J.: 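Input: one structure, supplied below.
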Amino acid sequence: MRVLWKWTKRLVLLVVVLVVVLLAPIGYVETACRGDATAKSYDPILQPEHRRLETRTFMTYPEWHIVHAYDDYAETLSDGDPHDYSFTSAVLGFWSSLCALSETSAAHGEVDGATKQMVYVIGVSFTLEMGLKAAYEETLGRIATMVRGPQHSPLDRTSAVQAAEYAEFLQQVPWYKWHFLEDAEALANARTDVWRDRERNLALGLEYRAKAAYAQAIAAAVENVGGDKLTLRMIVADFSDAQLAAMPEVSLVARTERGAVIETPRYRALTGILRQMAESGAEFVEIAGNDDIMFTALSDEPRHESALFSARRQGHGDTRHLVVVRVADLAQTLRQLPQSGLTLEHIHDY
């Protein structure tokens with residue numbers, strides 16, 4: 001009994017330490033990353049039911065940081081091994097970007113409680129996942145690659161393809177809709193008798209099955225509360241009916257003195273739509289009832305004068321910059337990006 005009690009206390013202590021480590025970044029963001037709140041003077045044009053909080057343009061990035069992290073991981077695996085990826089940098093990037101975004105968003109209104117809770121939950125989950133992957137890949141996983149030698153095994157290549165497909169999937173679809181169990185079965189079917197394949201099949205198979213169970217729980221929770229709306233409305237000027245007709249994913253709602261009220265898809269699809277409209281000469285008047293919006297752009301330079309936050313991309317060799325502009329200036333900014341040395345990556349809606 002004495003030995004059992006001693007190990008029980010150690011386990012409890014370990015859990016307490018883990019909880020403190022996972023929650024510490026939240027405490028830091030809440031206390032050290034507060035910006036100066038200012039009253040908004042903008043009077044929205046769209047009806048209230050079609051408006052979204054402007055702070056959401058900033059608070060959508062943390063989730064996209066995770067999407068980008070998986071893309072960086074897939075790029076690393078294309079010619080390297082899991083231990084070549086810096087899991088620590090990915091986690092630090094999440095919380096440091098959230099700190100900068102929290103400071104900036106204060107001038108655009110208050111972040112609603114549900115959004116803040118969502119960001120913290122995915123941040124803690126991401127931190128835990130990256131920590132577990134690092135603990136394995138930097139130890140047993142690294143030893144497995146040393147035993148394997150410099151040549152990738154069949155399952156190394158299979159898992160690299162799976163990582164790339166998953167990263168692309170996340171650009172438009174929530175992670176919990178991915179077919180993790182199919183990936184686990186694909187690993188088992190492609191496995192050879194080499195030791196690295198057996199190790200990959202066991203390690204990644206367990207990871208995929210754990211994610212499948214967690215995804216099922218998240219999907220059920222989302223179904224109960226309802227998912228976020230998949231479209232938004234905006235007002236666009238200098239865009240004709242003929243130009244709108246050439247974009248089947250865009251719906252014309254009404255014509256007003258300020259411009260055309262249109263409805264478009266959100267997420268990754270929106271970036272392509274806004275870029276195409278800007279290149280066609282359109283001007284954006286208002287998006288989801290807001291006059292400011294954020295986008296990310298890439299460049300070879302580590303810093304950019306207009307960026308509120310910049311971070312190097314693993315596996316790509318370039319830098320991601322977070323830039324905030326007025327909605328009224330968005331189209332012209334997009335048209336001038338090549339001259340400024342930036343390449344558009346993603347426009348963050350609300």
Side-chain angles (χ1 to χ4, degrees), residues 13-42 52-70 72-73 85-135 290-299 301-314 319-326 345-350:
L13 178 61
L14 178 62
V15 171
V16 170
V17 171
L18 178 61
V19 170
V20 170
V21 170
L22 290 174
L23 296 183
I26 297 177
Y28 179 81
V29 171
E30 282 291 307
T31 56
C33 306
R34 294 179 174 273
D36 296 326
T38 57
K40 288 288 291 183
S41 59
Y42 181 69
R52 301 178 69 87
L53 292 176
E54 190 166 80
T55 52
R56 289 287 299 272
T57 193
F58 306 102
M59 292 299 107
T60 58
Y61 177 77
E63 191 168 6
W64 275 93
H65 176 87
I66 297 175
V67 173
H68 298 321
Y70 280 112
D72 292 354
Y73 182 65
Y85 181 76
S86 176
F87 299 98
T88 301
S89 295
V91 171
L92 291 177
F94 180 95
W95 294 107
S96 57
S97 65
L98 179 57
C99 181
L101 292 166
S102 296
E103 292 177 347
T104 302
S105 67
H108 299 262
E110 185 177 355
V111 179
D112 63 286
T115 297
K116 184 176 289 191
Q117 180 182 15
M118 181 272 294
V119 169
Y120 287 153
V121 167
I122 65 173
V124 169
S125 299
F126 180 63
T127 300
L128 179 59
E129 179 187 357
M130 291 294 102
L132 292 174
K133 284 184 72 68
N290 297 300
D291 63 336
D292 293 289
I293 195 166
M294 185 180 75
F295 66 85
T296 54
L298 309 175
S299 80
E301 299 299 324
R303 294 286 183 273
H304 195 275
E305 58 182 3
S306 60
L308 65 92
F309 182 81
S310 299
R312 296 291 290 178
R313 292 202 303 161
Q314 295 190 60
T319 300
R320 173 177 295 110
H321 307 282
L322 279 62
V323 182
V324 182
V325 295
R326 306 285 289 184
E345 181 186 42
H346 183 75
I347 298 174
H348 289 258
D349 64 57
Y350 314 88

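Note that the structure is predicted; figures quoted are calculated from it, not measured.
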J.: Please say whether more than 12 non-hydrogen atoms of neighbouring residues, nucleotides or ligands are located less than 6.0 Å from OH in Tyr28.
T.: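 Open.
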J.: Would you compute the distance between atom OG1 of Thr55 and atom NZ of Lys116 and round it to the nearest 0.5 angstrom?
T.: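 Thr55 OG1 to Lys116 NZ: 9.5 Å, rounded to 0.5 Å.
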J.: List the atom of Val124, the atom of Trp95, and the distance in Å for their closest heavy-atom pair.
T.: N-CZ2, 3.9 Å
J.: Would you mind reporting whether Met59 and Leu101 have side-chain heavy atoms less than 4.5 Å apart?
T.: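 Side-chain contact under 4.5 Å: yes.
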J.: Has Arg312 got more than 12 heavy atoms of other residues, nucleotides or ligands less than 6.0 Å from its CZ?
T.: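 Counting other residues, nucleotides and ligands, CZ of Arg312 exceeds 12 neighbours.
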J.: Of all residues at least two apart in sequence or in a different chain, which pass the side-chain hydrogen bond (donor to acceptor under 3.5 Å, both in side chains) check with Gln314?
T.: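 Expected list: none.
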J.: Do Met294 and His108 make a side-chain contact, defined as non-hydrogen atoms from C-beta onward lying under 4.5 Å apart?
T.: no
J.: Minimum heavy-atom separation for Val323 to Ala307, with atom names?
T.: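 Minimum heavy-atom contact is CG2-CA, 4.3 Å.
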J.: If we only count heavy atoms from C-beta on, is the Arg56 to Asp349 side-chain gap below 4.5 Å?
T.: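 No, every pair of side-chain atoms sits at 4.5 Å or beyond.
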J.: So, taking the atom named CG in Leu92 and the one named CE in Met130, what distance separates them when rounded to the nearest 0.5 Å?
T.: 12.5 Å
J.: A side-chain contact here means heavy atoms from C-beta on lying under 4.5 Å apart; do Val111 and Phe58 qualify?
T.: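 When only atoms from C-beta onward are counted, Phe58 and Val111 do not touch, as no gap falls below 4.5 Å.
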J.: Hey, what do you get for CG (Asp112) to CE (Met118), rounding to the nearest 0.5 Å?
T.: 8.5 Å
J.: With His346, which residues qualify under ring-ring contact (aromatic ring centres under 6.0 Å, His included), at least two apart?
T.: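 Once residues adjacent in sequence are excluded, the partners of His346 under the ring-ring contact (aromatic ring centres under 6.0 Å, His included) criterion are Trp64, His348.
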J.: Would Ser310 and His304 count as having a side-chain donor-acceptor pair, cut-off 3.5 Å?
T.: no
J.: About how many Å separate OG1 of Thr57 and CZ of Arg52, when rounded to the nearest 0.5 Å?
T.: 11.0 Å
J.: Are side-chain heavy atoms of Asp291 and Glu54 found at a separation under 4.5 Å?
T.: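 Side chain of Asp291 against side chain of Glu54, heavy atoms only: contact under 4.5 Å found.
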J.: Roughly how far, to the nearest 0.5 Å, is the OG atom of Ser96 from the CZ atom of Phe309?
T.: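 So the CZ of Phe309 and the OG of Ser96 are separated by 3.5 Å.
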J.: Of the non-hydrogen atoms in Glu103 and Arg34, which two are nearest, and what is the gap between them?
T.: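 Shortest heavy-atom separation between Glu103 and Arg34 comes out as CG-N, 4.1 Å.
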J.: Can you find a heavy atom in the side chain of Tyr85 that is under 4.5 Å from one in the side chain of Asp72?
T.: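 Yes, at least one pair of side-chain atoms sits under 4.5 Å.
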J.: Surrounding CD of Glu110 (heavy atoms of other residues, nucleotides or ligands, distance under 6.0 Å), is the total greater than 12?
T.: no
J.: Are any of the side-chain heavy atoms of Tyr61 and Leu98 separated by less than 4.5 Å?
T.: no
J.: Within a strict 4.5 Å, meaning less than it, do heavy atoms of the Ile293 and Ile347 side chains meet?
T.: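 Side chain of Ile293 against side chain of Ile347, heavy atoms only: contact under 4.5 Å found.
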J.: Hey, could you give me the CD/CG distance between Glu345 and Leu298, rounded to the nearest 0.5 Å?
T.: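 Nearest 0.5 Å value for the CD-CG distance: 4.5 Å.
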J.: Nearest heavy-atom pair of Pro25 and Val21: which atoms, and what distance?
T.: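 Result for this residue pair: CD-O, 3.2 Å.
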J.: Taking all non-hydrogen atoms of both residues, which atom of Ser102 and which atom of Cys33 are closest, and how far apart?
T.: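 Scanning both residues, the minimum pair turns out to be CB-O, 3.5 Å.
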J.: Looking only at heavy atoms, what is the nearest atom pair of Tyr350 and Asp292, with distance?
T.: OH-O, 2.6 Å
J.: Name the orientation class of the two ring planes belonging to Tyr73 and Phe87 (parallel below 30°, tilted from 30 to 60°, perpendicular beyond 60°).
T.: tilted
J.: Step by step, would you call Tyr120 with Val29 a side chain to side chain contact (heavy atoms under 4.5 Å, CB included)?
T.: CA-CA 10 Å; Tyr120 287 153; Val29 171; 3.6 Å; yes
J.: Evaluate the ring planes of His65 and Phe126, with Trp represented by its six-membered ring, and classify them as parallel (under 30°), tilted (30 to 60°) or perpendicular (over 60°).
T.: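 His65 and Phe126: perpendicular rings.
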